[in-house]
A.B. asks: 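Below is a structure I'd like to ask you about.
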Amino acid sequence: MIDLRTLRDDPERLRVSQRARGEDDTVVERLLDLDERRRSALSSFESLRAEQKSFGRSVSKAQGDERQKLLDRAKELAQQVKEADAEAQRLDQELTELLRTVPNIVEEGAPAGGEEDYVVLETVGTPPTFAFEPKDHLELGEALGAIDMERGAKVAGARFFYLTGVGAQLQLALLNLAMEQAIGYGFTAMVPPVLVKPEAMEGTGFLGAHAAEVYQLPQEDLYLVGTSEVPLAGYHMNEIISDLPRRYVAWSSCFRREAGSYGKDTRGIIRVHQFDKVEMFSYCDPADAHEEHLRLLEWEKEMLAKVELPYRVIDTAGGDLGTSAARKYDCEAWVPTQKRYRELTSTSNCTDFQARRLSVRHRDGNGRTRPVATLNGTLATTRWIVAILENHQQADGSVLVPKALQRFLGREVLEPVAK
RNA sequence: GGUGGAGUCGCCUAGUGGCCGAGGGCGCACGCCUCGAAAGCGUGUGAUGGGGCAACUCAUCCGUGGGUUCAAAUCCCACCUCCACCGCCA
């Protein structure tokens, strides 16, 4: 949720941001108008209520006829208060509803435009060249006894899979390495709930434009999270926290409906309904958020270096930002059989947008409460297996294990197994 | 799932329709005292929103949401959470 006071002081900033996202900028006028009407209705209610309160006290002291007269007037007042309250509440609700549809203000410097308008900030490493026809991750994974899509589909349906044998071990290795790195940098390790209440889902901005992506359990009024960002942001919901920054690293399964992606990435484990992820999450002073964002990106790059993958970093354009994000950097690894880069990590600076919705505050220098900034970034996911298998494959169908993962797997090479 | 009990300011607690515009204690902050500290004494002490340059001021908030009433922490209804016991269970 954006700050109404900022909006009043500098409405142009939101207009510019809305245009950078390719969204309606006339919402600014509607917000300002509603806000003014709301404040005036609130004032009316408050002065009526103040009158009612002082009046009530005189009723309690009065006797006989005098009391009856006062009571008649009090009833009238009560009716007026009720109406003024209803009107103020109605406008407040209307404003809040509209305000909640407005995405975060895009950070200055982010590219304008849509999905294709990203800017490549950096390319690290070089895509491998093979003296043979490289196999895709699924073919490799099946030969290694690492991935079983068929049985995934049998038991759970399309876009579900089993990681088996070295595949399961590889994922555990990757996620453990990620946890270890973050813990080493002072992050607090977390294993969060993956079913959350509507407030947490709504507060993190996932029930807006992307609501169709989210699994819902109507019987329980709970949602399955698509990322541990949700329970991590909710962790300090309705709190005033001290000692910023607070950094958490969570290991969780993630669930996504992938509605609207029919026919896209149907092969293998690139786009699936359930995967595991290690996610970094920071609460920090909004003044430090930009720096913190760059730190998260550095930590992601460090992980990518450890698994020895060629990748590039992109600066996502405004129109491709999530509701809550003001700026987003993705690291995309080279996928040889697709001859293109695919997203492995994503780090977003949500500034105070989520914190305002979730009411996570800290005290500023003057002792006033202010929303904090929240940021998140990926440190490893199941999808990394795709890039590792494909980039480190050899002619005989075996796959070299990156050095950093060897001690977790207890081997240097993954060998094909007999069917 | 059932039955019973409980949810009041950071923590503990008082509070059974108007004197609650929520009292007290602890903690915390500041001051006095002291060579310094402890103890003691004094003062202050939340959140959200509105108005104001500001000091300040007004309204709302006693788990949440409704309701009754001129007036609700207090009465009524529903829900949530916690505790205890019972039942069921990977």
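A, B, ... follow the sequence lines: proteins, then strands. Residue 1 opens every chain. Since the structure is predicted, the reported quantities are computational estimates derived from the model, not experimental observations.
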A.B. asks: Between A:K197 and A:R370, which has a closest nucleotide on RNA chain B that is more 5'?
C.D. replies: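 In this pair, the answer is A:R370.
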A.B. asks: Hey, can you tell me if A:W299 and A:Y185 have their rings parallel, tilted or perpendicular (30° and 60° cut-offs)?
C.D. replies: tilted
A.B. asks: Using the P atom as the reference point in each nucleotide, state the distance between B:rC32 and B:rG50 in Å, no decimals.
C.D. replies: 39 Å
A.B. asks: Taking atom P in both B:rA84 and B:rG31, what distance in whole Å separates the two?
C.D. replies: 46 Å
A.B. asks: Can you tell me the pairing partner of B:rC70 across any strand shown, Watson-Crick or G-U wobble, with both distances under 3.5 angstrom?
C.D. replies: B:rG18
A.B. asks: Let's test this: given Watson-Crick or G-U wobble pairing with both distances under 3.5 Å, identify the partner of B:rC62.
C.D. replies: none
A.B. asks: Measure CD1/A:I240 against P/B:rC28 and give the value in whole Å, please.
C.D. replies: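 From A:I240 CD1 to B:rC28 P: 19 Å.
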A.B. asks: Do the rings of A:H273 and A:F160 sit parallel, tilted or perpendicular, given the 30° and 60° boundaries?
C.D. replies: tilted
A.B. asks: Among A:K328, A:H290, A:H293, exactly one meets side-chain hydrogen bond (donor to acceptor under 3.5 Å, both in side chains) together with A:E107. Which residue is that?
C.D. replies: A:H290
A.B. asks: Using both distances under 3.5 Å as the test, list the Watson-Crick or G-U wobble partner of B:rG27, or none.
C.D. replies: B:rU45
A.B. asks: Does B:rU48 have its OP1 or OP2 closer than 4.0 Å to a side-chain nitrogen or oxygen of A:T369?
C.D. replies: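 Yes, such a contact exists.
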A.B. asks: Is B:rC88 paired to anything, Watson-Crick or G-U wobble with both distances less than 3.5 Å, and if yes, which nucleotide?
C.D. replies: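 With both distances under 3.5 Å required, B:rC88 matches none.
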A.B. asks: Would you mind pulling out the nucleotide paired to B:rC32, Watson-Crick or G-U wobble, both distances under 3.5 Å?
C.D. replies: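 Paired with B:rG40.
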A.B. asks: In whole Å, what is the span from the CZ atom of A:R361 to the C1' atom of B:rU48?
C.D. replies: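 About 8 Å, once rounded to whole Å.
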A.B. asks: Using the C1' atom as the point on both nucleotides, what is the distance between B:rC12 and B:rA6, in whole Å?
C.D. replies: 15 Å
A.B. asks: Take atom C1' in B:rU8 and the same atom in B:rC20, then report the distance between them in whole Å.
C.D. replies: 12 Å
A.B. asks: Expressed in whole Å, how much space separates the C1' atoms belonging to B:rC62 and B:rC9?
C.D. replies: 9 Å
A.B. asks: For the pair made of CZ in A:R363 and C1' in B:rU45, what is the distance, rounded to whole Å?
C.D. replies: 11 Å
A.B. asks: Given the P atoms of B:rU34 and B:rG21, what is the spacing between them in whole Å?
C.D. replies: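 Their P atoms lie roughly 43 Å apart.
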A.B. asks: One thing to verify: whether A:R271 and A:E258 come together as a salt bridge, which I'm taking to mean a side-chain N less than 4.0 angstrom from a carboxylate O.
C.D. replies: yes
A.B. asks: Quick one: closest heavy-atom pair of A:G268 and A:L138, and the distance?
C.D. replies: N-CD2, 3.8 Å
A.B. asks: Using the C1' atom as the reference point in each nucleotide, state the distance between B:rA78 and B:rG87 in Å, no decimals.
C.D. replies: 26 Å
A.B. asks: Can you tell me the Watson-Crick or wobble partner of B:rA55, both distances under 3.5 angstrom?
C.D. replies: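 Because no pair has both required distances under 3.5 Å, B:rA55 counts as unpaired.
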A.B. asks: In whole Å, I'd like the distance from the CG atom of A:L42 to the P atom of B:rG50.
C.D. replies: 8 Å
A.B. asks: Between C1' on B:rU48 and CE on A:M1, what's the gap in Å once rounded to a whole number?
C.D. replies: 12 Å
A.B. asks: Roughly how many Å is it from CD in A:E46 to P in B:rC58, rounded to a whole number?
C.D. replies: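 After rounding, the reported distance stands at 11 Å.
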A.B. asks: Rounded to the nearest Å, what distance is computed from the CZ atom of residue A:R368 to the C1' atom of nucleotide B:rC56?
C.D. replies: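 Whole-Å distance recorded here is 12 Å.
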A.B. asks: Would you measure the distance from the P atom in B:rC30 across to the matching atom in B:rA39 and give it in whole Å?
C.D. replies: 14 Å
A.B. asks: In Å, rounded to the nearest 0.5 Å, how long is the span from CZ of A:R247 to CG of A:L375?
C.D. replies: 10.0 Å
A.B. asks: Grab the CD-P distance between A:E199 and B:rG65 for me, whole Å please.
C.D. replies: 11 Å
A.B. asks: Reading RNA chain B from 5' onward, which residue's closest nucleotide shows up sooner: A:K82 or A:R8?
C.D. replies: A:R8
